[in-house]
Amino acid sequence: MRPFSYQRASDPDMAVQALGAAATNTPLTKATAQPLAGGTTLIDLMKLDVMRPTAIVDINPLAHAWSAIEPGSDALRLGALAKMSDVAAHAEVQRSYPVIADSLKLAASAQLRNMATLGGNVMQRTRCNYFRDVSYENCNKRNPGSGCAAMDGVNRMHAVLGTSDQCIATYPGDFAQALIALDATVEITGKAGTRSMPFAQLHKAPGSTPDIETALQPGDLISAFSISGRWPRSVYLKARDRQSYEFALSSAAIALDVQDGTIRDARVALGGVATVPWRAREAEALLKGHRFDEALAQRVADAAFADARGRRHNSFKIALGKRVVARALQQAVTMEI
Amino acid sequence: MTAAAPEPKTNMGQSVPRYDAAAKVTGRATYASDMPLDNPAYAFLVTSAIAKGRIDRFDLDDAGRVRGVIDIVTHENAPKLKESKLFSNGGYAGTTIQPLRSAEIAHDGQIIAVVIAESYEAAREAANRIKVSYTAAAPSASFDSPGTTMAAAKGQNAQFKEDPAVGDFAKAFDAAEVKLTASYDTPTQHHNPMELFTTSCAWMGDNLVIYEGSQYVYGLKNGVAEQLGIDADKVRVVNPYVGGGFGSRGSMTPRTAIIAGIAKRLNRPIKLVPTRDQGFTIATYRAETRHEIKLGASRDGKLVALRHEGAEVSSRPDAYCVGGTKTTTRLYACPNVDSLVSIVRADRNTPGFMRSPPEVPYLFALESALDELAAKLNMDPIELRRINDATNEPIGGKPYTSRSLMACFDEAAKAFGWSQRSSQPKSTSDGNWLIGYGCAATCYPTQMGPSAARVRLQRDGRTRVEIAGHEIGTGAYTVIAQTAAERLGVPLEKVAVFMGDSDLPPAPVAGGSNSTASTCSAVMMVCDQIRQRLFKAVMPSDSLTDKAKETVGISPAPSTRAAKGDRSLDLEKAFDALGVGVVEEYGEWKPEGAPLDSFRAMHNGQVRLVGGHAMKDQIAYAFGAEFVEVRVNRFTHEIRCPRLVGAFAAGRIMNPRTARSQLMGGLIWGMSSALLEATEIDERNARYVNDNLADYLVPVNADVSGVEVIMLSEQDDRINPVGAKGLGELANVGTNAAICNAIYHATGQRIRKLPVRLENIEV
């Protein structure tokens, strides 16, 4: 860890100013000023010398304004500084958005969920071992243009969707899959005030710039997430090596609107297998207007992974991911609501 | 009595609470890096980013400018240290790769610099700012890498003296009615004890105190003295508690003498706290192994031929191997046995002991193969073991001192509900989960080493026991206190035990599960010396009656059955007769068959364990049987293990509470080993990849739902005065095979490579 200054944000403007003051054209992840919320990722990466901010702006004082859990009659608004554990335990979230509650409940450990915030969670950085170990020079995410050690290295945990020839690092979170499935909107507070964008546009696939992970600029803070509609028929299924406190090998966030046995609307998002929160829109299209059966589930799962590309140790994720999607669909169709 | 504190059966001590329980749960137990130092400087290690090659240049400018940096030590300015030979060659070292000696790099994560600073933070920051230029060479990572060499263990490892064989294997296998040939692989594993590999060194003039978690304070003291070129009496190692050892702290690592040398030069105490990932390369590990098993049997299940060939990875300079064929060739009655152990040299750090070093990989292979054979024979796997149960081991024909293997199978089978198991694989399910039952034998050699102890008894019954044993979490304080209390007839709460200090009388390494048998035998003997002095005072006649002798306690084995009319010693009367306030005795105990140089070696910190298969005319092992239920998800292929049931017999159980905890931990580790644990190696560069506790998986609470430990009564008067067999390394041996056997039962698929992961399942 390297020395850094620490200041507490008294209000959003001050936080935005402090974070945006030294902004250059560097990507957000390399900005010299970084916001601190739960700290469960940032502190880790600073200890590992992966992130080297010189200024830390503690945004926890903004929690009084930014941590509300507000279910409306046909919508949900979640403050970005709400704790993962509080949202997972919220009765209305559990009733009307089980995919959100479950994605949060199945993430990390209880201790981490008590510290970590929703905004910080979606910004969590990859668990790629080569990214997290600075003794490897070749990481395009850390050192643009240096190559990718994971491509032909130990890559069991890596992505099969949304990869590029520059980076195959997996987006590690769970909650983001629920957000992208439910067409969430993310509210951003920045230098020009507050703006909104579809959550699906927040994360950037690695392409030729894996160091650019999101659409945020220095000085931007996520202040809230909004979801319209209610999604009581929704599930989050997560397959992993151990039963708790472990990242997904493959996960699926599914939300369905089924009327009289016919699927009116369907949302399919994938986790543990892609470089960014992943929406499988082609797969969704196959569901709409149809009645559910196992053959359909299989076609949907195949479509979701049609573009998947495995490498030496992670090819199993394609077959696994399909089975997880099929199983999650079945679970969503049969769940009692 | 509760599940955690089982009711003692015959030949078991009381389930008293842990001696150190309150200190541990309240945080008062002090571990090595908790020890206060006077104005310490802090060390942070820099380790190599390549596994083979040499350092061309350090750029230290940026690091040197960090405020608070005192010194940066590299091979160019490191204190000169003498070499220590490998422990198996009469030295103390776990590796002969001594860092900071030259620019050469022999393995990934080798120590290449030590930053000393006024604070830990400054040392770490400076370490991060050091730039190193290397000339890298292509390293050989493991078995299949180009550039490795392979040769028989016999002849290169001084402790591997024979490849056990008997009869004519080739002929018998050829003629066998039923044959099985199968290969098995086990992965690299790291101990990852909670306590990091810390070292604090403080000099007072020419005297050095080392605070370091160690499983062998006498070994470390003598080894560091040898490297520093000073008298061993000037070195003291202190660690009243050790935060987990599992073998990783059994032999000296290079870091200790380096830190001691720098502390001497700076004339200031130094505290080193390495990181978790550095622990993967600055200490030892369990190397990956490969096995081929050949079994020949008659149609009725009698083994006629058995061959076990094992290969293990070691470092370039050191021929470390575990050679578990010494156990697997002797476990079952079989007239024709052959074996071979080979060592493959790669560009790796030297591996070392890890809980049940030989038995874990080698019994995985044998106990898996037996299950495969049982399936071929269409026979219950328990019955196959019963048919081949042995009273004498087949290689030398020596009798087992006691062997309760089948009794363990029967008890565990009953508790588990084995009779409910359908004999057909893939025939039981519960919703989306395929259910499988599996079992395997477990065993571990009974070992003892020479040990000394000092005991002081006061008139009011207060007792002080001093012995340089080690509390690595096993309950050593507790069973030693119980032994003294029982032997002297004083209340347990009056006994104070002092351990983990090389200024105390020597005890053996806390390894090979010998500690309880060795230290308690020594403490018992010394307590008897006190009793004799006191008895002689009140019964001055030289000729003690037989009755008095029994009460004095000089019988070879402890008597838990108080003789009728036996009365305890009247302490006050005896002290009055002696005319003293304190009786103190020191004594040195050695097991039967211990080599002539035992006591000298004991003081010199060199291990002289006897027991297991190496006894003169008998063979001593603890046994057990392990049963597991696994569930394999039809969709995700996730594997879960909801039930682990083990029955064990290990001679006298000193304390069922602490013993159960050891056995339970063993079962859980066994499950972890089968399903989760593996250190991944990037074979391009021979580097460990998942070197942290988030990616090196161990079970969390949710993975462990049902563990049942059954301890059988077993009396064995032929092993040691205490009558105890070591059990710390007994339970994690059989679990690997039991789980794979259960996965076969659940899915019909044989898995011969650990750990088993969901992608290995093809339902």
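The figures here come from the full heavy-atom set of this structure, side chains too, leaving out hydrogens, waters and symmetry mates. In the text below, chain A, chain B and the rest are named by the order of the sequence lines, each starting its count at 1.
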Which atoms of A:D241 are under 4.5 Å from chain B, going by heavy atoms: the side chain, the backbone, both sets, or neither? both

Examine whether an atom of B:L676 lies under 4.5 Å from a heavy atom of chain A, and if so say whether it belongs to the side chain, the backbone or both; otherwise answer neither. side chain

Write down the atom of A:V154, the atom of B:I681, and the distance for their closest heavy-atom approach. CG2-O, 3.7 Å

Would you say B:E759 and A:H313 make side-chain contact, with heavy atoms under 4.5 Å? no

Are any non-hydrogen side-chain atoms of B:R124 and A:M1 less than 4.5 angstrom apart? yes

Look only at the side chain of B:R684 and the backbone of A:A149, and say whether a donor-acceptor pair between them is shorter than 3.5 Å. yes

A:R2 (side chain) donor-acceptor with B:N128 (main chain) under 3.5 angstrom: yes

In terms of heavy-atom proximity below 4.5 Å to chain B, should A:R240 be classed as side chain, backbone, both, or neither? both

Contact origin within A:F247 toward chain B - heavy atom pairs under 4.5 Å: neither

Assert top hit (heavy-atom pairs under 4.5 Å, partner chain A, pool B:R640, B:R129, B:E125, B:E121) equals B:R640

Treating A:R242 as the side-chain partner and B:V698 as the backbone partner, does any N or O pair qualify as donor plus acceptor under 3.5 Å? yes

Most heavy-atom pairs under 4.5 angstrom with chain B, which of A:R127, A:K322, A:R52, A:R312? A:R312

Considering all heavy atoms of both residues, which atom of B:Y688 and which atom of A:Y136 are nearest to each other, and what is their separation? O-OH, 4.5 Å

Less than 4.5 Å apart, side chain to side chain, heavy atoms only: is that true for B:D682 and A:Y130? yes

Does CZ belonging to B:F58 count more than 12 external heavy atoms closer than 6.0 Å? yes

Residue A:E137 versus chain B: region with a heavy atom under 4.5 Å: neither

Around atom CD of B:E683, are there more than 12 heavy atoms from other residues, nucleotides or ligands closer than 6.0 Å? no

Would you say B:N690 and A:N129 are linked by a side-chain donor-acceptor pair, where the criterion is simply a distance under 3.5 Å? no

If you round to the nearest 0.5 Å, how far is CD of B:E638 from CG of A:L249? 8.0 Å

Give a yes or no answer on whether the side chain of A:R327 reaches the backbone of B:F635 with a donor-acceptor pair at less than 3.5 Å. no

Is chain A contacted by the side chain of B:A694, its backbone, both, or neither, given a heavy-atom distance below 4.5 Å? both

From the list B:N432, B:V132, B:N633, B:D691, the residue making the most non-hydrogen contacts under 4.5 Å with chain A is B:N432

Assess whether side chain to side chain contact (heavy atoms under 4.5 Å, CB included) is satisfied between A:F316 and B:L758, documenting all intermediate values. CA-CA 9 Å; A:F316 76 94; B:L758 58 79; 3.9 Å; yes

Name the region of B:N685, side chain, backbone, both or neither, that has any atom closer than 4.5 Å to a heavy atom of chain A. side chain

Could you tell me whether the side chain of B:H637 reaches within less than 4.5 Å of the side chain of A:L320, counting heavy atoms only? no

Taking NZ in B:K131 as the centre, count heavy atoms belonging to other residues, nucleotides or ligands within less than 6.0 Å. Is the count above 12? yes

What residue in A:D152, A:D133, A:L237 has the most heavy-atom pairs under 4.5 Å with chain B? A:D152

Hey, which of A:E246, A:Q330, A:M157, A:R156 has the most heavy atom pairs under 4.5 Å with chain B? A:R156

Check whether B:N701 gets within reach of chain A through its side chain, its backbone, both or neither, counting any heavy atom under 4.5 Å. neither

Taking C-beta and beyond as the side chain, do A:S135 and B:R687 meet within less than 4.5 Å on heavy atoms? yes

